[in-house]
Structures are given as structure tokens and as C-alpha cells.
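Each remark here refers to the structure printed beneath this line.
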Amino acid sequence: MRAKNHLLGSLKAIVAGMDLQWPDKTTIEPPKDKQHGDMAANIAMVLAKQAHTSPRELAARIAGELQHDPRIANVDIAGPGFLNITFAADFWHSTIPAIEEAGPRFGSVEYGKGKRAQVEYVSANPTGPLHIGHGRGAAVGDSLTRVLRFAGYDVETEYYINDAGRQMYILGFSVLFRAKQLCGQNLPDPEDFYRGEYIKDIAAEVLKLHPDLMDMPEDDALPICRDYALNDILDGIRKDLADFNVEHQVWFSEKSLLAEGAVDKTFDRLREAGLAFEQDGALWFRTTDFGDDKDRVLKKSNGLLTYFASDIAYHDNKYDRGFDLCVDIWGADHHGYVPRMRAAVEALGKPKESFDVILVQLVNLLRGGEQVAMSTRAGTFDTLEEVVKEVGRDAARFMFLSRKSDSHLDFDLDLVKQQSMDNPVYYVQYAHARIASVLRKAEERGIAVPAKATPAILGALTGQDELDMLRLLDQFEDVVESAARQLAPHHISFYMQDVASALHRFYANNPVLNAGDNDVAAARLVLLKGVATVIRNGLDLLGVSAPESM
RNA sequence: GCGCCCGUAGCUCAGUUGGAUAGAGCGACGACCUCCUAAGUCGUAGGCCACAGGUUCGAUUCCUGUCGGGCGCACCA
């Protein structure tokens, strides 16, 4: 980020000095090929037309100006007119003091400063335990939250509890049904009910608390079963999430929303805007005005609300709480629902960009390459709790975050569990542990680890591996910013693998304690400390621990 | 039938405001521990970025079409 900002400032001054307008299409980025210097800028190419000259000629003029900068070692003109800039070593050296000064905040940026965001995720119906798919959504939502906070946003996290409506009735009904069976009644399986074993457990507990359950009228027994099941299942969900290092600050009840008449308020707003109309005895919302395929029903002709109706009211409520950005994380099978939700947000008068949905694709659970059948009846495990218990929290989270969220994920239990180089999480953690080990050894051997890096100490960092490392560390802030902008936390895990790879390479080729030179040892030690800080901060964004030893 | 997502190395996948000779890990083959953790490093092989057009200085990226895969198209939640 320092390299980019430095060039941005210099180039803007040069362009202004030429009486030209700064083009928004300018990119300043590290080139793919190291041969092309530290940073590459396309400024001459995007500015040539405006300057009435050829890209290469313009590049030559700009290069001439940049050469005056003592922090820049070299400027080349390449290809169609790229400027390839190489910084002086001491420019890169000051990356280390920057890391030391920021410490656990290094990598944070001000991209979202002053803006409030809400991330709503998991929000699984409280009718059963979380499964592995929910786990992926939990990892993505939690990590995204951390990334957005690091990028300057004020973020609140929320779990929307669908505790109203038909599925709650079915939940109560299912428990009561199992309770009847437990009491010896011989009943055929109903068509529509929750079949999981956990329902039987809940039924048994309800019976223990209410021995007279069977004597009650169903109108009394059903709510008892429903409420007990809801609380029990929600407790389980809370515990699973806590064990997964995932926190929701707000648990928002759909029932409470309905109770306060939010839906009617929202209907009124839509009517006032001329977007609601009656037809065939139902109340409709004209979502086609906002690009939806067809209009949608809000209130059915039987008088009941649709799920969509309360969802609009819910989002209305979110915006009333003052968020500049609302991010919903949904299972990808709900993608058809996105256009209508976008329509609703627009109809509520909110800017399009203030609402975003991240679709999380299904997780394909494997063991040793073979698909694990997703049958709860067969007792094969697919609950989040069991998966985390088997492979560990760090490995599971890293796996979920090492893929674009909207692509399918093969989750092979044997692979994720494996503590080897097949498993990227250990590769990254090992890099951190290695540094910690070197720092411990330094103390044992009485080699001083400088508390603070000074230019005199850093002057000993002249090797290619050392400068490459500094350049990579300087990119951390850029990675955080783009992950926040794209709502894509997986960028962090790919960057972490790059940093770990650079560290392992460095470690193999550059002795630190055995450098045979105190100045070199001191310089490399402060460099390693900087690397450790970046790895720690990056892993923290993923919610993965950074061990001191392995 | 309509809509959305996807198609990149043998496998799993990165690559987002369009940039240079398209990357990583695994797998395969071959090297490296008297030395700070070998859970590591280095090297080799592997590609018509599904296909065909278009836009321009330049396309894996943007547009159109075709093929192939996944998922949605309720007065369900």
C-alpha cells in the first residue's frame, strides 16, 4: 500500500504538471513477473490520447520525472508503454517500522471509514442442528465481518430467527407426535414432519417436564412442545457457533417483528408508493417495476402473509437502524430470491449498492474421495458439530475460506484432517510457528532481538529474498481492501499462502541465527517479526489461530 | 420453455474496475537435512483459459450466440 500510494502521489503531481486530467482507469499494481520491477503503471497508455502523443513517448517523459525521486531506483518503459518502477532498498525497509507501529492493526485500511454495515448470516431455521453447509456460511460471514471491520466499517452481525410461521407449527407437531409414540401410541408417520433423532430426544425431555402432556388438549400441548423445541434447538445452534468461533451480536426474532406490526407499516409504505395492489383476493407487490420476472404476493387470499412479506419488513427494519450497507449471506439455492429482494430494497427507497447478497454454494462432504451420504437417518454425520470435532476448527474454517463462496466445495474429511502439506492451513500456521521458534532460539542463544527496527539495522537487508518479502508484506493492506470491496474473504487465505510460501523459501535459503554476522542476524530477526505480525493478523481475519509451536 | 451461476494443467481451484510470456496446491518425475522445526525447500513435465464471433492499442476478464454441468422458476418457507 505504501508503494502504491507513493507512486499515486508522484504520478498525480506529474500529470497535473502536464496540464492533463488524471484518468480513473489508471492502475498501479505489482506486475505478475518480477522481471518487470516492483510496480507497474499503465498511466502512459490510458493518457496518450488525451496528451496527443504515443504511449511510449509519454511514458518516457513521465519516467524522466520519476527518476528524480531518490526513493525510486529505476524506471523502465516496457511493452506498449508500461512504466516499470523499482524502488530503492531503503524504501522497502521502512515497511518494517510501519508494521511495528501498527502491530495488530497492520493491514487495516480506511476504505469503509464512517460507514455502518450489517452482516446477516447463518439464519438457519431453528428446526434442527446446523449442518456442514451452514458451517460454510458461518465461516464466510464471520470472516467477512472481520475483514470489513479491518477495512474501517463499523459492523454489526445478526442472526435472523425464523420463529414464526408454518415451520414452527410443524416443529411443535413433530415433537408432540414423537411424544405420543414414546407414550406407547402406535401411529403411522405423518406426511410432513421433522424426522431427525433429535426430535425424539426433545420429546422425551418435554415429557419429563410435563408428565401430563398427553392429558392436555392439543391446543395446549402443541405450544409447549414448540417452545421447548425452539429454545433447545436455538441453544444448540448458539453453542455450535460459539465452538466454531463465530459470534452474532444480535439475534433477531421474526415473531417479535410481526408482533410490533412491522409488516403493516411496510405495506402502508408500499401502498403509498403505488407499488402494492389487490388482485384475486390477494395483496401483491409490483416487483416487476424493479426488474423482477413477475409480481409477487405479499398477503395470500387466505389472509396469511408470505415469507417475502415479513422479509421486506425485516429489511425495512434493518435500514431503520441506520446501516449504509446490508449484506445477506444465503445458500445458493435461494438465488432466485435475490431479484425480488433487491426490488424490495429499491422500493423502500434505498440505494441499490447498499444491499448485497453473498450466495454460498453447497458443500460436498467426502471421506477419502468417496461421497458421504447426507442421510440423517443412517446416522452418517453431516452436522457442523461433528465435522468440527473430527477435523478441528482451524482446518474447517480455513477450508471453507479457501474457495470462492459461490463455487461448489469438496470437503474431504480425510484431507482436511491430514496434518501435512496437502493441507494449506498447517502450511500457513507452520510458517508462524517457525518464526516463533527462531525467536525463542535467539533468546536461548543470547542473540539480541532488536525491540525496534532502525534504518541502521534494516540496512543489512539487501538480498533478493529479503526485498521480495518486504514487497509482499506491503501488499497486505491492498489485499484487505480488495477483499472488503469484493466481499470476498477467500482473498485473505490465498494471500496467507503466498506469505507462508515466501517465509518457507526465505527460511530455507537465508540462515538467521546462523548467519555468522550479528548485523545480518538482527536485520533478519526484525524482518521475521514483521512476517509473523502479518500472518497473525491475516489468520485472525480468517478466525484461525496462529500457534507459537507445532 | 424462461432466468441465474459455472466451464482455466491429470485432480482441486485462484485470477473483479480489460494489461506484458495465464498462476498456485495436489498428483507424476528428479534433487536437498554434520545447519534456526523436512508439517519444509529447489527443479522438470503438464494449457486452443469449453467453442464461435464481436468491441479495441490490448480480452481468461466486457457483449452476442452455441455446447456442456449445477440451481432456481409457488397465493412454500
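Shown here, B/C33 is classed syn by the O4'-C1'-N9-C4 or O4'-C1'-N1-C2 angle, which is within 90° of 0.
Taking only distance into account, the side chain of A/Asn84 meets the base of B/A20 through a donor-acceptor pair shorter than 3.5 Å. At a cut-off of 3.5 angstrom, the base of B/G72 holds no donor-acceptor pair with the side chain of A/His334. Below the 3.5 angstrom threshold, one finds no donor paired with an acceptor across the side chain of A/His335 and the base of B/C5.
Considering only side-chain atoms of A/Ser437, the nucleotide from B/C36, B/A20, B/U16 that sits closest is B/C36.
Nucleotides B/U41 and B/G25 have their C1' atoms positioned 15 Å apart, rounded to a whole Å.
At a threshold of 4.0 angstrom between heavy atoms, the contacts of A/Ala40 include nucleobase atoms, whether or not backbone atoms are also involved. At the heavy-atom level, A/Thr26 lies under 4.0 Å from base atoms of the strands shown. Note on A/Ala433: a base of the nucleic acid sits closer than 4.0 angstrom, heavy atoms only. A/Asp24 comes within 4.0 angstrom of a nucleotide base, judged by non-hydrogen atoms across all strands. If you check every strand for non-hydrogen atoms under 4.0 Å, A/Asp465 touches nothing.
Ring pair A/Phe177/A/Phe173 is parallel by interplanar angle, where below 30° counts as parallel and above 60° as perpendicular. Ring-plane geometry between A/Tyr314 and A/Tyr160 is classed as parallel, the angle between the planes falling under 30 degrees on a 0 to 90 degree scale with a further cut at 60. Ring geometry, A/Tyr495 versus A/Phe476: the interplanar angle falls under 30°, so the pair is classed parallel (tilted spans 30 to 60°).
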Dot-bracket encoding of pairs in RNA chain B, which uses [ ] for pseudoknotted crossings and | for another strand, Watson-Crick or G-U under 3.5 angstrom
(((((.(..((((.....[...)))).(((((.......))))).....(((((..]....)))))).)))))....
Quick one: which protein N/O atoms are closer than 3.5 Å to N/O atoms of nucleotides 8-13 of chain B? Pair and distance per line, please.
residue	atom	partner	partner atom	Å
B/U12	O2'	A/Arg403	NH1	2.7
B/C13	OP1	A/His408	O	3.1

List, with names and distances, any nitrogen or oxygen atoms from the protein found under 3.5 Å away from nitrogen or oxygen atoms belonging to nucleotides 73-75 of chain B.
residue	atom	partner	partner atom	Å
B/C75	OP2	A/Lys294	NZ	3.3
B/C75	O2	A/Ser301	N	2.6
B/C75	O2	A/Ser301	OG	2.8
B/C75	N3	A/Ser301	OG	3.2
B/C75	N4	A/Asp280	O	3.0

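Aromatic pair A/Phe277/A/Phe285: ring centres not closer than 6.0 Å. The aromatic ring centres of A/Phe398 and A/Tyr426 sit 6.0 Å or more apart.
Of the side-chain N and O atoms in A/Tyr427, one or more sit less than 4.0 angstrom from OP1 or OP2 of B/U41.
With salt bridges taken as basic N to acidic carboxylate O contacts below 4.0 Å, none links A/Arg340 and A/Asp311.
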